[in-house]
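The chains referred to below are lettered A, B, ... by the order of the sequence lines, with proteins before strands, and numbering in each begins at 1.
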Number of protein chains: 4
Amino acid sequence: MPNSAKRRKPIRGRPRDKDADARILKTALRLVERTGFRSVSMEAIAAEAHVARTTIYRRWPNKATVIMDAFLAEVGPGIAFPELPSALESLRIQMKLLARAFRGRPGLLIRSLLAEAQFDPELKRAFRERWIMKRRAAAQVVIKAGILAGELPAATDPDVLLDALYGGLYYRLLMGTGSLSDAYVEAVWRTVLRSSRLKGELGRPMGSVKR
Amino acid sequence: MPNSAKRRKPIRGRPRDKDADARILKTALRLVERTGFRSVSMEAIAAEAHVARTTIYRRWPNKATVIMDAFLAEVGPGIAFPELPSALESLRIQMKLLARAFRGRPGLLIRSLLAEAQFDPELKRAFRERWIMKRRAAAQVVIKAGILAGELPAATDPDVLLDALYGGLYYRLLMGTGSLSDAYVEAVWRTVLRSSRLKGELGRPMGSVKR
Amino acid sequence: MPNSAKRRKPIRGRPRDKDADARILKTALRLVERTGFRSVSMEAIAAEAHVARTTIYRRWPNKATVIMDAFLAEVGPGIAFPELPSALESLRIQMKLLARAFRGRPGLLIRSLLAEAQFDPELKRAFRERWIMKRRAAAQVVIKAGILAGELPAATDPDVLLDALYGGLYYRLLMGTGSLSDAYVEAVWRTVLRSSRLKGELGRPMGSVKR
Amino acid sequence: MPNSAKRRKPIRGRPRDKDADARILKTALRLVERTGFRSVSMEAIAAEAHVARTTIYRRWPNKATVIMDAFLAEVGPGIAFPELPSALESLRIQMKLLARAFRGRPGLLIRSLLAEAQFDPELKRAFRERWIMKRRAAAQVVIKAGILAGELPAATDPDVLLDALYGGLYYRLLMGTGSLSDAYVEAVWRTVLRSSRLKGELGRPMGSVKR
DNA sequence: ACCTAAGCGAGACGGTACGTCTGGTCTTGGC
DNA sequence: GCCAAGACCAGACGTACCGTCTCGCTTAGGT
């Protein structure tokens with residue numbers, strides 16, 4: 001989201017160099033991966049993207065925002081909830097997608113951005129709204145569908161359920177206390193959404209937790 | 001954990017100024033609270049603790065470590081698991097204690113340290129070992145007692161259970177997506193440890209949770 | 001002297017906005033007076049003259065030249081040598097006019113331009129030719145008339161005499177070492193052109209002054 | 001005049017690197033001569049003096065002051081009034097020394113500093129007090145001695161006389177309207193201090209000014 | 001009534017230097 | 001041997017201008 005969003009009517013004037021945008025974001029990602037968020041400097045990005053430093057500042061207010069955009073451009077459309085007959089199944093699969101992303105470059109970026117956000121309220125807001133809430137909103141839809149479909153108890157609090165499911169992933173991402181494997185996702189899933197909840201009809205091996 | 005450990009025999013010479021340590025840590029806390037982790041500089045700490053900057057560097061390798069020590073000195077002994085007949089009850093109460101701490105100064109410090117740790121492997125290790133793992137170890141003991149007492153299914157994976165319980169708290173602390181109230185703790189509790197489970201009647205078939 | 005001179009045949013096309021020129025020069029003067037030469041930016045001039053920055057650059061090569069033109073437009077015709085029976089009297093009166101100008105806005109402009117010219121050979125040339133030499137040429141005529149009329153010794157070197165007379169004014173303008181009052185002009189006058197001289201009785205032995 | 005003057009008692013602490021001072025000033029001069037005042041940057045000075053940029057800023061507030069000090073260090077003691085039996089002769093000789101300096105590197109520096117001073121009141125004050133007034137004060141002493149010795153009329157106003165004598169030199173230095181040769185100095189001398197003034201007794205062809 | 005070319009407003013761009021800030025190291029003299 | 005004081009190196013920061021460049025609109029005169 002380069003600053004362009006603010007200019008509603010860029011009617012005249014030299015047109016913005018669109019390529020530069022992509023070049024900058026790509027360079028930013030490359031550098032973060034290569035040397036880490038902290039040691040990436042605007043100067044370095046500018047140099048490697050063949051762009052003047054001022055040009056970057058003209059479009060983004062600071063390094064964090066650049067990398068935030070780079071991150072969203074990379075993973076934005078990647079981790080969605082697949083459309084499946086079973087809402088729960090959709091959730092479970094998406095969790096694995098997310099875990100996989102956490103294991104790769106996006107994981108590094110999320111860690112960095114979330115960390116940086118703790119020192120930069122503006123970035124925090126942006127991260128929350130443009131990454132976290134986007135996904136949560138989609139998840140809420142899925143959960144509500146699951147409730148309607150009887151896959152989840154009517155009393156389920158989506159917010160709390162999401163925290164319980166995803167909290168652990170972020171926790172491990174940040175603390176490094178354990179792997180982010182698919183197996184871990186399954187374990188969380190079993191722990192939080194026990195078959196009981198699934199109304200027993202497919203819970204066989206897990207023991208039926210009827211309600 | 002000032003470097004003092006290294007000096008085995010301070011046989012001669014000017015004795016170390018013991019007060020300085022406490023003064024520095026107290027000042028560090030005060031400043032973090034007042035202006036935030038980032039904008040606290042060693043210079044500022046030194047000035048306000050009436051100590052030379054070099055003295056701080058002689059005892060701690062960098063700012064993060066100073067604040068880490070300051071944090072531990074403040075909250076270290078504060079948030080423990082109360083000894084109660086019921087292991088689960090002990091867990092629940094401790095969660096509320098932690099939530100309360102998150103709402104106050106310790107919350108700010110944990111956020112800052114955890115964030116900074118993302119850019120500093122050494123700090124990350126220290127934070128994990130001196131804060132996270134200490135608490136988890138204690139929690140594991142409680143959980144195992146709970147299992148023995150039949151309050152929790154035998155197949156319970158303590159790691160996963162802890163992630164599910166506490167993950168949400170850290171998640172909210174960092175994201176700011178929701179309150180950290182006692183009510184929230186209760187909601188998490190209900191979601192993850194449903195009463196059904198507390199009765200143990202269906203814990204059996206869950207199988208072992210890897211990782 | 002806007003660049004217009006270069007365009008020989010503006011046969012067709014949108015006609016040049018004549019008002020803009022005056023508006024720009026007037027704005028430039030206003031801004032220099034208000035904030036000083038250095039802190040005036042092309043941007044500011046453009047904005048306050050309701051003109052695009054490019055328009056200014058289309059007509060003048062740089063800030064200094066704009067202000068040079070503004071200066072000449074303002075004071076160009078103002079400080080001339082009055083036509084009087086006595087050449088010396090004409091000189092003396094003009095010196096006072098100049099001193100008066102030095103005390104006001106033109107003084108500020110001359111200081112700025114002369115200063116800037118030290119870093120910009122092109123401007124230096126322009127300043128010398130369009131301001132300094134114009135006035136000196138006129139002065140030379142007056143002096144030669146004075147010689148012919150017997151008011152000045154035949155051997156008088158006009159260049160040196162002018163430097164001696166006007167040098168002090170510029171000196172004080174730039175150094176701020178003293179007032180630029182009429183009284184000062186009189187003092188210079190008495191010092192350099194003592195009555196003795198005006199009577200010619202000891203002009204003889206001076207010989208020709210080289211250079 | 002590096003900032004050191006302000007620190008009355010630098011009792012303790014790492015001692016200032018004295019060599020660095022000289023290295024910086026020498027480098028500054030070299031660069032001014034090589035590329036001109038304007039295009040010298042702090043960065044360049046720092047690099048070529050093998051010093052951190054911050055070190056320069058710690059000692060001088062800005063580029064102009066550095067170069068001012070460099071200038072004074074170079075020419076400060078160079079252009080003095082020789083002690084001679086005749087005050088006038090001393091003046092005349094010093095004028096020639098100054099003219100010679102104007103023709104060389106000091107001339108370039110004076111031009112630059114005087115120009116820059118027009119945009120920087122602080123520098124202006126410094127230039128006036130540390131260069132101009134120093135010399136004027138010495139000159140005043142000489143002139144007064146000249147008056148006492150009867151070489152100059154009792155009514156001579158030293159300030160005005162100095163302006164008339166030196167004004168032309170500065171004028172030419174800044175305007176580039178003529179040479180700064182010794183011959184020019186002689187011409188100014190003859191014009192301003194005509195034999196008439198010398199009480200007429202030795203006016204022939206200017207010849208010997210015995211006292 | 002169109003065509004066409006120059007003037008213009010708007011604004012993005014590359015570039016340069018600025019002066020500030022902080023981190024972390026090093027060097028002295030005093031206690 | 002510890003300490004206070006403070007100079008030092010290093011390097012990123014974000015800002016301010018400069019002068020250039022590209023657009024697309026406007027405005028006539030030529031046809």
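The side-chain contact (heavy atoms from CB on, under 4.5 Å) check on L108(B) picks up V32(B), R111(B), S112(B), with sequence neighbours excluded. For R14(D), there are no salt bridge (charged side-chain N to carboxylate O under 4.0 Å, His left out) partners at least two apart in sequence or on another chain. In this structure, the side chain to side chain donor-acceptor pair (under 3.5 Å) partners of R53(D), at least two apart in sequence or on a different chain, are E43(D). The side chain to side chain donor-acceptor pair (under 3.5 Å) search around R30(D) returns T27(D), E48(D), not counting sequence neighbours. For the side chain to side chain donor-acceptor pair (under 3.5 Å) test, residues two or more places apart in sequence or in another chain that qualify with R125(C) are E122(C), E129(C).
With rounding to whole Å, W60(D) atom CH2 is found 15 Å from dC18(E) atom P. One interatomic measurement links the two molecules: CZ of R23(B) to C1' of dA4(F), which rounds to 12 Å at whole-angstrom precision. Between the P atom of dC8(F) and the OH atom of Y57(B) lies a distance of 18 Å, rounded to the nearest Å. For the pair I24(C) CD1 and dG7(E) P, the interatomic distance rounds to 14 Å; values are reported in whole Å. Straight-line distance from the CZ atom of R59(D) to the C1' atom of dG19(E): 18 Å, rounded to whole Å. Taking atom CG of D120(B) as the reference point, atom C1' of dG23(E) lies 13 Å away to the nearest angstrom. Whole-Å rounding puts the R58(C) CZ to dT20(F) P distance at 12 Å. Atom CG of D19(C) and atom P of dG9(E) are 12 Å apart (whole Å).
Residues of residues 35-49 of chain B that place a heavy atom closer than 4.0 Å to DNA chain E, in numerical order, are V40(B), S41(B), M42(B).
Between F127(D) and F71(D), the two ring planes are parallel [angle under 30°; tilted spans 30° to 60°].
Here the side chain of T55(B) is nearest to one of dC3(F), dC9(F), dG23(E), namely dC3(F).
Heavy-atom nearest nucleotides on DNA chain E were determined for A52(C) and for K18(A), and the one closer to the 5' end corresponds to A52(C). Comparing K63(C) and K63(A), the nucleotide of DNA chain F nearest to each residue sits closer to the 5' end for K63(A). Map R14(D) and N62(D) each onto its nearest nucleotide of DNA chain E; the residue landing nearer the 5' end is N62(D).
You'll find a donor-acceptor pair under 3.5 Å spanning the side chain of T54(B) and the base of dA5(F), going by distance alone. Taking only distance into account, the side chain of R53(A) meets the base of dG14(F) through a donor-acceptor pair shorter than 3.5 Å.
Ion pairing of D120(D) with R38(C) is absent here, as no side-chain N (NZ or NE/NH1/NH2) approaches a carboxylate O to less than 4.0 Å.
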